[in-house]
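Below is one structure; the comments refer to it alone.
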Amino acid sequence: MQAKLTEMQVRERLKDIKAFVIDQDGTTYLENQTFPWTTDFLKGLEQRGIRYLFLSNNSSKSRAEHCRKLAESGIHASEEQILSSADATIEYLKTLPGHRDIYLLATPCVENDFREQGFDTDANKPNYVVLAYDLTLTFDKLDKACRLVRKGVPFIATHEDNNWMIGPDEHRPDVGALAAAITASTRVKPKFVGKPNAEMVQAFLKRLQLPKEQIAIIGDRMNTDIRMGQEHGLLSLLVLSGKTKREDIPESPFQPDYVVDKTIDILKLLEE
Ligand SMILES: [Mg+2]
């Protein structure tokens, strides 16, 4: 098994872990179908007093919608237990000067989340152009964003993924692809925020109020979940229930600290 740590070493590291940040698709569920072991895994964490936070690079849904979607799949999480790339972008923007005045490309519900956090999302003189996963994108919005970016307004995008997988061989263009249209027109590349970037890490550190040594990442993708752990010094556990197969592991420049077939196997590692 390819992993940086032996079973004994990972057991030792897990003794310090107070919270897991957990990927959704491929880790918690697959294509809207919750894995049969997911609720037992989460229950097991709760019984051990370990907290968890779901991470998502889907910035088309509001916090309430993310909650509802999980609840429909039998997973009951509060809004505090969900962190999307849109939430991380809100936190990142709050650290920037003049952040309240933005031009936002987003679905109405995500726009509402920004407004509730005090942003003017269609400001007269925006200081930032912010691209979320806008499933209501129109040519006029794209044109307005390009005009602003061309004038020098900084361009921020919630995450870099080019495609959103909606079925085994079915993809929809994601934020990376939409951002590429603006970049092609303006020659300006955006600042990306979501997984695997530092701003996503900052956002969950702030939410959990724990040091990095007490948080572990669980995910199915080498180039986002595992990369985020490796580059930011957090324990990373790869599950093989999603995108990555065992034979893909050696080819990746990003290597997990430990590999398990599925999340429930982590409970065994937490046992004395
Ligand atoms: Mg995933």
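Order of listing sets the numbers, starting from 1, for every ligand and every atom in it. Residue numbers run from 1 in the order of the sequence given.
- Looking at Asp120 and Lys125, no side-chain N of the basic residue comes within less than 4.0 Å of a carboxylate O on the acidic one, giving no salt bridge.
- Here Tyr92 and His99 keep their ring centres 6.0 angstrom or further from each other.
- Aromatic ring orientation, Phe35 versus Trp37: parallel (interplanar angle below 30°, classes split at 30° and 60°).
- Protein atoms of type N/O/S that fall under 2.8 Å from the Mg ion (ligand 1) number 3 in this view.
- Crowding of Lys245 atom NZ: a count of heavy atoms from other residues, nucleotides or ligands under 6.0 Å exceeding 12.
- Counted within 6.0 Å of CZ on Arg150, heavy atoms from surrounding residues, nucleotides or ligands total more than 12; the atom is thus considered enclosed.
- Ion pairing between Glu65 and Lys69 fails under the 4.0 Å rule for side-chain N and carboxylate O.
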